[in-house]
Asker: 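Let me begin by handing over the structure; questions about it come next.
Since the model is a prediction, treat every value here as computed from it, not as a measurement. Naming: A, B, ... by sequence-line order, numbering from 1 per chain.
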There are 2 protein chains.
Amino acid sequence: MRDTVDDWPTGRLLAVAARLVEQRWREALEERGLSYAGLIVLHTLDAGGRSLGVLARAAHVTAQTMGRTVEHLERDGYVRTVVDAGDRRRRLVERTDAGARVFAEMHGLEARMFPELEQSEQLRATLLEIIRAVGGDPQPPAVTPDSLGL
Amino acid sequence: MRDTVDDWPTGRLLAVAARLVEQRWREALEERGLSYAGLIVLHTLDAGGRSLGVLARAAHVTAQTMGRTVEHLERDGYVRTVVDAGDRRRRLVERTDAGARVFAEMHGLEARMFPELEQSEQLRATLLEIIRAVGGDPQPPAVTPDSLGL
DNA sequence: CTCCATTACTAAGCCTGCTGAATAACTACA
DNA sequence: TGTAGTTATTCAGCAGGCTTAGTAATGGAG
């Protein structure tokens with residue numbers, strides 16, 4: 001009769017847990033005018049400028065979604081985009097100084113915010129298996145998704 | 001240099017995994033004109049009619065979000081709402097015959113869709129700990145959120 | 001019995017996901 | 001060269017999260 005979260009299917013638990021963690025992040029981010037999705041982009045750009053499509057594939061979101069997120073980051077002055085000279089279809093996205101600064105401020109938090117989470121190798125391994133099994137890195141499409149096992 | 005998902009913070013992995021699983025669900029649901037959020041509501045209503053607020057707390061979403069989801073379910077004919085006679089602020093939500101039918105069709109899928117997921121007691125336990133630590137059941141607010149440990 | 005705090009829900013608006021469909025630029029091939 | 005196909009991005013629109021700000025009904029205190 002009692003309908004607690006305890007007897008929910010695992011997929012649903014996954015969604016709720018992810019939402020709660022993200023929400024906690026939001027509280028820390030909003031005072032910098034930054035979103036969780038934006039933080040991910042700034043993090044990815046740490047290694048240098050990237051095109052929109054590359055960013056999208058890295059974050060496992062569609063190009064459309066990434067386009068809008070980058071738009072917002074640009075509006076807020078955290079990234080700038082330039083048309084790729086070699087392939088004018090491409091828009092290269094790079095961090096501004098403000099973007100690099102705000103990322104540096106937030107970066108340390110990733111480990112401090114949920115230390116138990118970061119240290120749980122078991123959980124990380126399981127999540128990575130799920131991601132590979134369900135989503136799969138788009139690079140090797142020859143892998144059968146049935147080879148999971150967990 | 002290579003920026004794969006492997007070295008992402010755990011919270012981010014959680015979000016990606018949840019999104020991928022939900023997306024897989026969506027494919028199976030859309031042909032019935034049902035959303036993932038809607039399925040959760042129909043599931044919760046399996047035990048009988050519930051008010052909007054109760055549904056929201058059960059799903060760990062805000063009352064506003066639940067209001068809209070119920071609105072969509074009602075539009076599609078899967079639930080009906082009636083004003084509670086005893087407390088006219090409340091709107092009781094109950095499944096229609098169509099709602100009960102479509103839920104029955106989908107219900108079995110919960111276990112079949114990702115069998116490995118459902119059987120991983122380890123993962124379930126970890127997710128429940130996260131949910132309790134970060135979100136916490138609103139019922140016992142006396143529990144200190146520091147008592148996690150994973 | 002009246003007044004006020006609380007509770008349940010609604011309204012408006014923002015952000016991030018998605019899909020489907022268009023456009024522009026590049027590439028390959030005849 | 002020219003044309004067809006692929007790839008990168010954008011546009012439009014829907015759903016579901018969230019927040020802040022109302023409104024209406026309840027219920028308790030004086």
Side-chain angles (χ1 to χ4, degrees), chain A residues 12 15-41 50-76 78 81-93 135 138, chain B residues 12 15-31 33-41 50-57 59-76 78 81-93 135 138:
Chain A
R12 221 172 284 176
V16 171
R19 200 144 35 71
L20 291 176
V21 168
E22 185 169 338
Q23 227 168 307
R24 185 62 66 88
W25 262 102
R26 194 154 23 205
E27 298 166 13
L29 287 169
E30 65 182 3
E31 56 195 31
R32 262 101 176 176
L34 202 55
S35 72
Y36 195 67
L39 177 66
I40 294 176
V41 172
R50 293 277 186 276
S51 79
L52 224 139
V54 169
L55 285 174
R57 281 188 292 274
H60 285 266
V61 299
T62 62
Q64 298 94 309
T65 294
M66 184 52 75
R68 199 168 26 183
T69 297
V70 164
E71 202 174 286
H72 292 162
L73 280 171
E74 194 163 20
R75 173 198 62 191
D76 297 337
Y78 290 138
T81 66
V82 281
V83 174
D84 184 332
D87 182 345
R88 300 207 314 289
R89 291 170 304 177
R90 280 196 170 83
R91 273 179 57 200
L92 289 180
V93 185
Chain B
R12 220 172 284 176
V16 170
R19 201 146 33 73
L20 291 175
V21 168
E22 185 168 339
Q23 227 168 307
R24 185 62 66 88
W25 262 102
R26 194 155 23 207
E27 299 165 15
L29 287 168
E30 65 182 3
E31 55 195 31
L34 201 55
S35 72
Y36 196 67
L39 177 66
I40 294 175
V41 172
R50 294 276 185 276
S51 80
L52 225 142
V54 170
L55 285 175
R57 282 189 293 276
H60 285 264
V61 299
T62 62
Q64 297 90 314
T65 294
M66 184 52 75
R68 198 167 28 181
T69 297
V70 165
E71 201 172 287
H72 292 160
L73 280 171
E74 193 163 21
R75 173 198 63 191
D76 297 337
Y78 290 138
T81 66
V82 281
V83 174
D84 185 331
D87 182 345
R88 299 206 316 288
R89 291 171 303 177
R90 282 197 170 83
R91 274 180 57 200
L92 289 179
V93 185

Asker: Just so I know, are the side chains of Leu39(A) and Trp25(A) near enough to count as touching, which here means a heavy-atom distance under 4.5 Å?
Answerer: yes

Asker: Per the atom types in the model, does the base of dT9(D) pair as donor or acceptor with the side chain of Arg89(A) at under 3.5 Å?
Answerer: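 No pair found.
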
Asker: Pairs under 3.5 angstrom, nitrogen or oxygen only, protein versus nucleotides 19-23 of chain D, please.
Answerer:
{"from": "dT20(D)", "atom 1": "O4", "to": "Gln64(B)", "atom 2": "NE2", "distance (Å)": "2.4"}

Asker: For the pair made of CZ in Arg50(A) and P in dT9(D), what is the distance, rounded to whole Å?
Answerer: 13 Å

Asker: Please identify the 5'-most and 3'-most nucleotides of DNA chain C with any atom under 4.0 angstrom from a heavy atom of chain A.
Answerer: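 Answer, 5' to 3': dC15(C) to dC26(C).
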
Asker: Checking Tyr36(B) against Arg12(A) for the side-chain contact (heavy atoms from CB on, under 4.5 Å) test, could you report, in this order, the C-alpha distance in whole Å, the side-chain angles of both residues, the deciding distance, and whether it holds?
Answerer: CA-CA 9 Å; Tyr36(B) 196 67; Arg12(A) 221 172 284 176; 4.2 Å; yes

Asker: What's the spacing between Leu92(A) CG and Asp87(A) CG if we round to 0.5 Å?
Answerer: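 Output value for this atom pair is 9.5 Å.
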
Asker: Counting side-chain heavy atoms from CB outward, which of dA8(D), dT26(D), dT10(D) is closest to Leu52(A)?
Answerer: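 Of the options given, the side chain of Leu52(A) lies nearest dT10(D).
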
Asker: How long is the straight-line distance from CD of Gln64(B) back to CG of Leu52(B), given to the nearest 0.5 Å?
Answerer: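 So the gap between those two atoms works out to 10.0 Å.
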
Asker: Which whole-number value in Å describes the distance from Arg19(B) CZ to dG17(D) P?
Answerer: 14 Å

Asker: Evaluate the side-chain proximity of Glu74(A) to Val93(A): yes if any heavy-atom separation is below 4.5 Å, no if none is.
Answerer: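 No, too far: nothing below the 4.5 Å cut-off.
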
Asker: Could you walk me through whether Leu73(A) and Leu34(A) pass the side-chain contact (heavy atoms from CB on, under 4.5 Å) check?
Answerer: CA-CA 8 Å; Leu73(A) 280 171; Leu34(A) 202 55; 3.8 Å; yes

Asker: How far does CE of Met66(B) sit from OG of Ser51(B), to the nearest 0.5 angstrom?
Answerer: 10.0 Å

Asker: Measure the shortest side-chain to side-chain distance between Glu22(B) and Arg19(B) over non-hydrogen atoms and say whether it is less than 4.5 angstrom.
Answerer: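 Not touching, per the 4.5 Å side-chain cut-off.
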
Asker: Would you say the side chain of Gln23(A) lies within less than 4.5 Å of the side chain of Arg26(A), judging by non-hydrogen atoms?
Answerer: yes

Asker: What closest approach, in Å, do Ala18(B) and Ala18(A) show between heavy atoms, and which atom pair accounts for it?
Answerer: CB-CB, 4.0 Å

Asker: Using a strict heavy-atom distance below 4.0 Å, which residues from residues 66-76 of chain A are in contact with DNA chain C?
Answerer: Arg68(A), His72(A), Arg75(A)

Asker: Rounding to a whole Å, what distance do you find between Glu27(A):CD and dC18(D):C1'?
Answerer: 11 Å

Asker: On DNA chain C, nearest-nucleotide positions of Arg26(B) versus Asp87(B): which is more 5'?
Answerer: Asp87(B)

Asker: For DNA chain C, whose closest nucleotide is more 5', that of Arg88(A) or that of Ser35(A)?
Answerer: Ser35(A)

Asker: How long is the gap from CD on Glu71(A) to OG1 on Thr81(A), to the nearest 0.5 Å?
Answerer: 10.0 Å

